[in-house]
Amino acid sequence: MSILQRRPSVTAAPSRRTAESPQLAKLGEYVEQAWQLTVPSLRASLSTATGPVLPHDAAVLARYRAMDRLYELADAARGGAGGVWVLCRMEDPVLLPKLDGAVVRVGDNEWIGLPDAWVVNAHRSDLA
């Protein structure tokens, strides 16, 4: 008997987060159905008369592989349908914006870093 034959066989159970996971595949189906139901409402909310759409907690778009949905909205806004503003928390305002680790595709004139003073409204206070 060789050394290899005496070793106990070890097989790793598949990770629950692998692409082969039936649970993950089913979650993906539910998420896609949710986006299909949500996107028409988001597109309908784009309007030049009412101001920009500000998606709340937009990181969910990256988390559930729906950045293309955000890009569809951005393309509609670029086409004149209205505005889309997305706030992305950033450690370094010089780097491109990210949502949940995914880089947000933007043009050079489509994003701006906001200083902490602006976020806390200090630019309007007497202390500024």
Side-chain angles (χ1 to χ4, degrees):
M1 187 178 251
S2 75
I3 294 175
L4 292 176
Q5 290 173 329
R6 281 188 250 144
R7 289 183 154 178
S9 68
V10 177
T11 55
S15 168
R16 292 183 180 180
R17 294 183 180 217
T18 62
E20 297 82 30
S21 167
Q23 295 89 355
L24 187 60
K26 197 62 170 174
L27 176 62
E29 290 175 24
Y30 289 140
V31 168
E32 181 56 30
Q33 289 173 359
W35 287 127
Q36 288 176 5
L37 295 171
T38 304
V39 168
S41 174
L42 285 172
R43 288 193 65 128
S45 65
L46 288 176
S47 168
T48 56
T50 59
V53 171
L54 178 63
H56 173 70
D57 195 14
V60 72
L61 295 165
R63 196 169 303 128
Y64 291 106
R65 298 175 298 205
M67 291 298 283
D68 286 341
R69 307 300 186 181
L70 177 61
Y71 302 144
E72 290 171 19
L73 286 176
D75 288 341
R78 289 181 191 110
V84 177
W85 292 1
V86 179
L87 298 178
C88 304
R89 182 182 173 139
M90 300 172 65
E91 297 298 321
D92 186 350
V94 176
L95 299 176
L96 286 173
K98 293 181 181 182
L99 290 172
D100 203 39
V103 173
V104 178
R105 293 188 317 228
V106 292
D108 289 338
N109 64 343
E110 293 181 326
W111 70 285
I112 186 170
L114 300 175
D116 290 338
W118 189 90
V119 174
V120 296
N121 212 17
H123 65 291
R124 292 189 180 169
S125 73
D126 293 333
L127 302 174

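- Take Arg63 and apply the salt bridge (Lys or Arg N to Asp or Glu O under 4.0 Å) test, not counting sequence neighbours, and it matches Asp100.
- The stretch residues 83-92 participates, sequence neighbours left out, in no side-chain hydrogen bond (donor to acceptor under 3.5 Å, both in side chains) pair at all.
- Under a hydrophobic-cluster definition in which Ile, Leu, Val, Met, Phe, Trp and Tyr are linked whenever side-chain heavy atoms come within less than 4.5 Å, directly or via other members, Ile112 and Trp118 are assigned to the same cluster.
- Trp111 is linked by a ring-ring contact (aromatic ring centres under 6.0 Å, His included) to nothing, counting only residues two or more places apart in sequence or in another chain.
- Counting all heavy atoms, side chain and backbone alike, Ala62 lies closest to Ala102 at CB-CB, 3.8 Å.
- Scanning for side chain to side chain donor-acceptor pair (under 3.5 Å) contacts around Glu29 gives Lys26, with sequence neighbours left out.
- The side chain to side chain contact (heavy atoms under 4.5 Å, CB included) test applied to Asn109 returns no partner, not counting sequence neighbours.
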Identify every side-chain donor-acceptor pair in residues 34-46 under 3.5 Å, counting partners at least two apart or on other chains, and give the distances.
unit_1, atom_1, unit_2, atom_2, d
Gln36, NE2, Glu32, OE2, 3.2
Thr38, OG1, Ala34, O, 2.7
Ser45, OG, Leu42, O, 2.6

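- Within the structure, salt bridge (Lys or Arg N to Asp or Glu O under 4.0 Å) contacts touching residues 102-113 (residues at least two apart or in different chains) are Arg78-Glu110.
- Every side chain to side chain contact (heavy atoms under 4.5 Å, CB included) that Val86 has, sequence neighbours left out, goes to Pro55, Ala58, Leu70, Val84, Cys88, Leu99.
- By the side chain to side chain contact (heavy atoms under 4.5 Å, CB included) test, Ala117 is found to be paired with Ala122, residues two or more places apart in sequence or in another chain being considered.
- Rounded to the nearest 0.5 angstrom, Asp68 CG and Tyr71 OH are separated by 7.5 Å.
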Pair Val104-Met67, side-chain contact (heavy atoms from CB on, under 4.5 Å): steps then yes or no: CA-CA 8 Å; Val104 178; Met67 291 298 283; 3.9 Å; yes

